[in-house]
Every structure is written in C-alpha cells, then in structure tokens.
Protein chains: 2
Amino acid sequence: MKPTVHDIAKIAGVSLATVDRVLNGRPGVRSVTRGKVEEAIASLGYVRDLAAANLAKSRTYSFVFILPANDNSFMIGLTEEVRGAVARSSFERTDIRIVDVPPFDPDALVAALEAVLAEKPAGVAFVAIDAPEVRAAAERLRQAGIPMVTLVSDLPDSSRDHYAGIDNIAAGRTAGSLMGRFLNGPSLGERGATVAVLAGSMLVRDHRERLEGFSTVIAQAYPNVRILPVLEGRDDPVLAETMIAEALRRNADIAGIYSLGAGNRGLIRALQAAHGPSRPLVIAHELTASTRAALADGTIDAVLNQDAGHEVRSAIRVLKAKADGLPVLAAQERIRIDIFLKDNLP
Amino acid sequence: MKPTVHDIAKIAGVSLATVDRVLNGRPGVRSVTRGKVEEAIASLGYVRDLAAANLAKSRTYSFVFILPANDNSFMIGLTEEVRGAVARSSFERTDIRIVDVPPFDPDALVAALEAVLAEKPAGVAFVAIDAPEVRAAAERLRQAGIPMVTLVSDLPDSSRDHYAGIDNIAAGRTAGSLMGRFLNGPSLGERGATVAVLAGSMLVRDHRERLEGFSTVIAQAYPNVRILPVLEGRDDPVLAETMIAEALRRNADIAGIYSLGAGNRGLIRALQAAHGPSRPLVIAHELTASTRAALADGTIDAVLNQDAGHEVRSAIRVLKAKADGLPVLAAQERIRIDIFLKDNLP
DNA sequence: CAAATTTTGATTTACGTACCTCAGAATTTC
DNA sequence: GAAATTCTGAGGTACGTAAATCAAAATTTG
C-alpha cells in the first residue's frame, strides 16, 4: 500500500498534526522533531496524493492566457484551442481566463501582465513580444511567484518558467534544408537558383529566427542558392499578394519561395494567378485550411507546422506542475516541428 | 460552484442514497424516481468529480502491457518508456505490469492475452501481430469488457478500442515523396534512378504498409524511379549489412535506399564501408543512437520517427478514458510521423 | 387486508489530505 | 522556581464521492 500521512505519524512517533505542519511548512515544530518526520517521509518514500490534497483544498488552478487578437488562421486556431481547454476546465480543475490584447503591441501586453499581477492567478501563459519592458513585467510576475509560460513566441533569457512552442531556428534550418534538397541544390551547378522569402515582420522574434536558420543552412550547404531581400508582408493577405506577384514579375527566375510568417492566403492567390514557365517550389508555415488545400493541389510543396492544440495543452500541464512545484516531463513537453507533404496530411 | 451529488438530491427531492443508486446504476430505484434524478442531473449539468470518486474507491487502474522481447533499439526504447510509466504509477493511480513475449510469435501473444483475460485488468496494451488467432483472442477480451489498445503495430478490423501508433501507409508515402523529391525525380529524364528497399519482414504488417505507401507514391509521381526487389533483413544487423553490401556491389547505380524496418546498424556499416562514386540517398525509420549519428554525419539523409514515449503515454491516457467510459481527445492522441533531417534533430 | 416485496430515506464510514482549535507538555526566560 | 513562551498531541470538520446498513414507506402479491 502507498504510505499515507498516518503512516508517517506512526513511524516518526508524532501526531498527525505535526506531520501536517512539516509537510505544509507551517511553523511550530522543533527542528529535532521536524528531522524525525522528514526521516520517516524519506524512509517510507511518501508522496503526497495530489488528487486528495486538491480535493481537500477544493483547489482549482486559475490560469490566465493572454492572446493577441490577431485575425490570421493560426492565432484564431490557437484561441480556439484555449477555448477548448476552458470547456474542459471543470474536469481538469482549472479556471482559465482568456485576455485579448492588440497584436504587436508591447505596451498593451505589459498592461495585461500588470493586470494579471494584481489578480494573482496560479499561472499565466502569454504570447511574448520580445521587448525590454515585457521582460521587466515578466520579472515582476516572477517576484510575485506566479508561474509563467510563453506560448508560440518566446522571451529568452527572461524569468519565464517554460516556453511552449517550437524551436524557430531549427524550423528555419529545416526549411532551408528542404528547399536546398528539393531544388536539387548540390547539382545546380554554376547557374544556381534564386529564392524569395516572405515574412510578416522582422520585428517579430519568431520570424527573425526562422530567417536566421534558413539563411544559415542555405549559406553553408547550398552556396549556389541566392536569397532575395526579405519581403515583409505584415501577415496581410493583400499586401503579401501584391508583393509576391511583383517579385515573380521582376524575377522570372525565382525557383523557390519560403513563406515564414502567417497569412499565406495572399501568397497562394498570387501563385495561382502567376503563369510562369514552371511554378516555384514553395515552403510555408502553419497548416491551415488554405495551406492544406494548396498542399493538396500542389501549389505548396511543404508546410512546417506547430500544433496549437499541443502547445495549449502542454502550457496547461506545465503551469499545473509549476504551481505544484513538480518537475515537468521534458520529453513530453517538447513541441515538435511537423513537416507536412501532400502525402502525410492528417 | 460546481454541482455535487448533494445538489442533485436537493433538486430532485430525493435522498443522497437514491442519487448514488442512479449514478452508479445500482438497482432499487423506480423508473419514475430515476427519471426525476436524471432530470436534475441534466438540468444542473452535473459531472462526477473523477478525482473524488477515485479517492473514495481508492481506485488504481491496473494495466498490462504486452511487449515483444525484441532486441532492436526501438523496442528497447519502447520498453524503457513503459518502465518510465511504471515509475510514475504511484502519481498516476496506475498499476502497470509488463509482460514480455517472444517476438513474431502469434501463439505466444495469444497465450499472453489469455493470461490477461484471467487476470481481468482495467486495460491492456499490446504490440499486435496481424493473425486470425490474435484477432479471436482480442474478441474474447472485448467480450469480457477489457479495454484494449494496440501499440505501434495495429490489428485493424478487430475489437481493439484504439491504436496508439503511426499511420504506416502515410509514413511509406512520405518516404516515397521525400525520395522522389530528393532524387530530383521530375527532372531525372530518360535515365531514371534505381532505389533499393530494405525491410525486416514482409510478414509484419507495418513493413508491408510502409512498402505499399512508398511504392504507390513512386509509381504515381516518380515513374522513372525503379524499385529493386525488397531485401528482407529480418531486422538483423549482420544480415542487413551483407545484403546491402551485396546489393551495392551488384547495382552500381543505386541512387537511393529506403530502410523501412528496424536494425539500421547493419545498413549504416555497409554504407560506411562502401566507396562508390557517389553515396546513395538514404531514408530510414526510427531515430536511435545509430541513426541519429548517421543523420548527423550525412550517411543517412532523412529519418522518419515515431515517438515511443508519446505512444506509451497516449496508450495509458486512452486506457484510462476507456476504463472510465470517457471520450478520448482524438487530436491529442494522434501519433504523428516525425521527419528528421540533420537540421531539426532534437 | 395482511404479508411479502420493493423502493426510498437517513445516517454512517471511508478515501487521503488540509486546516482549525484547544489543551497539555516541554522548553526557555527571568 | 514560577511565568512566559514555544511545541506538540488529540480531535474535529471539510472536500466530493462510494458504499454500506437499517428502518420506514410505498407498492405489489396472495
């Protein structure tokens, strides 16, 4: 049988109340007695029954998710997944509140974090913006002992406890590697190939990192592939469409396009409107209804994806663990980069 | 506040005992009364608190994992993951027993399943062998009401409740697609290319399905790629090494190798020993220490992987849900095909 | 209509932990 | 050595559900 507090009391020769004081760090126990109790705990290999403890405390984990009110498919999907978690909250002893903030706005994010600080929830998850003021706000939350998880976009070297998202440098490297292989880089010869990159904004860390990984691999492994200056489409379908259309018109020799941001609808429209001699090889991010269709019909060749559902569930698991002071299963919480070709669409 | 059994009793105007009888399907309730109680349950939106119920029942989920005593890295890793789950069992209210059976032996598997039947655990997970007698044994378990999950290898059209593993046809298709792209299939011209396939055994369903997917894509999308007759290496490093070495000697023009089984150590040794003009493109399955090293040093170009840890954890979650009659989150339980290039190794 | 049977209510204990109170013991302080 | 302080023990209640007992009420049966 699993040892209980009663067993500890018996072995240590103290009362239940004393065991309780030791276990929950309450005052009023001499260090000699505390030692005896701790010894008994160790010798029995006692582990507190979390379910029973939570029942006794009638505890619910109150979490806040701060999400940018973006209108691209990925963010909408992410919000949807958080809503799903809200719907399951009664089963999971969670009480999740969603806070919307304007996108790409560090001040708004800081304000939201400050509001959270006052509320003192059991944990916070937020899509980070890489700015010093955000880092400072995070530090204040840490001082207050509120567990924090960054979601999708990280805030490295900050006081956050965990990052629930993909390694964007690795994602960019993977895209570069696929691009080089698919273009048959090693045997391109003197002629080489030209590749365009469409990003949302170079101010966003994810995008910067993806570009960095992509450029590194291309430079190292496929030196005869040229990368055109980055097009910043602000994740706006209309802008992206005109930019890509224009780029294709100017450079008839574009052999590949890497779309590392969101808002691929414009890209797809531009590609389907273009009637070049041979369509370029396209690698994009995030599996949405439009990229899925484009993948199926051959407009896009590969899609790198992060599973928003996994990210949200992982964030919740990690926040719970942090709130309870438990370790996290690193292998379980690693968010993987999915690579989808038309042949392994789920 | 979340409604409790007390609230139901109050609303329905009956006693707690009657509510309990209805909730747990115990006899001794007139259908009129039962109706009133059920109405109250529905109107309150009551959901039983599983943690409290399990505490009251002092319930532990007893599961049995039947695993083939294979000595390849993947199966060893899988067993290791189940051991990890055993180690966590006290936290997770599980009591997991591991049963080893000789590999590729339907009779042994059936015997193990029969033994399980006598023991009546709360659930069983097993690596299936696709044989009628196994299917029959599974049906007997279903009759006995024991939830069943197939692990890694499925038993389609059987009485199993769930399959915790990858879609092997999709995996084969993905491998075929990558092979075709990496060989630059579309522009190979008249000359074409030759590809060798190394499998463990065509008697194993996973391997058959992977080959099927691979062949289909090659035939459809890359008709100028020729697939040599399948080499069956029985997942044995020594046999695989000699077979690949021989194949490379006979066919100097082998441009690609698809290794769809386990036991890649032999393949890697043969590749590193060969000194052809240009090394073939290699796609293999399962990320192990040896395939990881080969990927890093360029001996292997891509590895398709299934995460054993995810499979085991998913199997446990599903067995728990089935034991409690709860629905499973399909999106969470889908086991994905990881594609690893040297650039996205975790 | 009485007896037998079924249905229901009231109450209790239990699961393992948290948290509270109060009294008594041990220790320290003066 | 008495008073003040600090520890400790004993006991209870609570969380939400399960499961049991026993008596009372309602219903069916003969």
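In the text below, chain A, chain B and the rest are named by the order of the sequence lines, each starting its count at 1.
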> How long is the line joining CG of A/L55 and P of C/dC19, in whole Å?
Replying inline: 13 Å
>> So if I take every side-chain heavy atom of A/K57 and compare against C/dC19, C/dT17, D/dA19, which nucleotide ends up nearest?
In response: C/dC19
> Does the B/Y163 side chain pair with the main chain of B/V152, one donor and one acceptor, at a distance under 3.5 Å?
Replying inline: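 Yes.
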> Just checking A/D49: base, sugar-phosphate only, or nothing, at a heavy-atom cut-off of under 4.0 Å?
Replying inline: sugar-phosphate
> So, the side chain of B/N24 versus the backbone of B/R21: is there a donor-acceptor pair under 3.5 Å, distance only?
Replying inline: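 Looks like no, no N/O pair under 3.5 Å.
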>> For A/V5 and B/V14, find the nucleotide of DNA chain C closest to each by heavy atoms; which residue's nucleotide sits nearer the 5' end?
In response: B/V14
> Which residues pass the salt bridge (charged side-chain N to carboxylate O under 4.0 Å, His left out) test with A/R313, sequence neighbours left out?
Replying inline: none
>> Rounded to whole Å, please give me the gap between CZ in B/R34 and P in C/dG9.
In response: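 So the two atoms are 13 Å apart, to the nearest Å.
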>> How would you summarise protein contacts on nucleotides 22-30 of chain D per nucleotide, using B for base, S for sugar-phosphate only and - for none, with heavy-atom distances below 4.0 Å?
In response: -----S---
> What does A/N54 touch in the nucleic acid at a heavy-atom separation under 4.0 angstrom: a base, only the sugar-phosphate, or nothing?
Replying inline: nothing
> Which nucleotide sits closest to the side chain of B/T4: D/dT17, D/dA18, C/dT17?
Replying inline: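 Of the candidates, D/dT17 comes closest.
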> Roughly, in whole Å, what's the span from CG in A/L16 to C1' in C/dT21?
Replying inline: 15 Å
> Which whole-number value in Å describes the distance from A/K2 NZ to C/dC15 P?
Replying inline: 14 Å
>> Rounding to an integer number of Å, can you tell me how far B/R26 CZ sits from D/dT21 P?
In response: 12 Å
> Can you tell which of C/dA18, D/dG11, C/dC15 lies closest to the side chain of A/A56?
Replying inline: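 Taking heavy atoms from C-beta onward, the closest nucleotide is C/dA18.
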>> Between P on D/dA18 and CZ on B/R93, what's the gap in Å once rounded to a whole number?
In response: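 Rounded to whole Å, this separation is 13 Å.
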> A/D20 CG to C/dT17 P: how many Å, rounded?
Replying inline: 10 Å
> Do the side-chain N or O atoms of B/R48 get closer than 4.0 angstrom to the phosphate oxygens (OP1, OP2) of D/dA18?
Replying inline: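 Yes.
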> Looking only at side-chain N and O atoms, does B/T18 come under 4.0 Å of OP1 or OP2 in C/dG9?
Replying inline: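 Indeed, a polar side-chain atom of B/T18 lies that close.
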> So do the side chains of A/I98 and A/R83 get within less than 4.5 Å of each other, counting heavy atoms only?
Replying inline: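 Sidechains of A/R83 and A/I98: in contact.
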>> Exactly one of A/E139, A/Q143, A/R140 should register a side chain to side chain donor-acceptor pair (under 3.5 Å) with A/S159. Which one does?
In response: A/E139
>> Going by the rule salt bridge (charged side-chain N to carboxylate O under 4.0 Å, His left out), which residues pair with A/E39 if we only count those two or more places apart in sequence or in a different chain?
In response: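 By the salt bridge (charged side-chain N to carboxylate O under 4.0 Å, His left out) rule, A/E39 matches no residue at all.
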>> Check whether A/D100 reaches the backbone of A/A69 with its side chain - one donor and one acceptor, N or O, closer than 3.5 Å.
In response: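 Answer holds: no.
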>> What is the distance, to the nearest angstrom, from the CZ atom on A/F91 to the P atom on D/dG16?
In response: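 Those two atoms, CZ and P, are 16 Å apart.
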> Is there a side-chain polar atom (N or O) of A/S15 under 4.0 Å from OP1 or OP2 of D/dG9?
Replying inline: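 For D/dG9, OP1/OP2 do have a side-chain N/O of A/S15 under 4.0 Å.
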> When all nucleic acid strands are considered with a 4.0 Å heavy-atom cut-off, which category describes A/A53: base, sugar-phosphate, or nothing?
Replying inline: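 Sugar-phosphate: the residue A/A53, judged by heavy atoms under 4.0 Å, touches backbone atoms but no base.
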> Does any N or O in the side chain of A/S314 come within less than 3.5 Å of the main-chain N or O of A/E311, such that one atom is a donor and the other an acceptor?
Replying inline: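 Such a contact is absent between A/S314 side chain and A/E311 backbone.
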>> If you compare every side-chain N and O of A/R59 against the phosphate oxygens of D/dC15 (OP1, OP2), does one of them come in below 4.0 Å?
In response: no
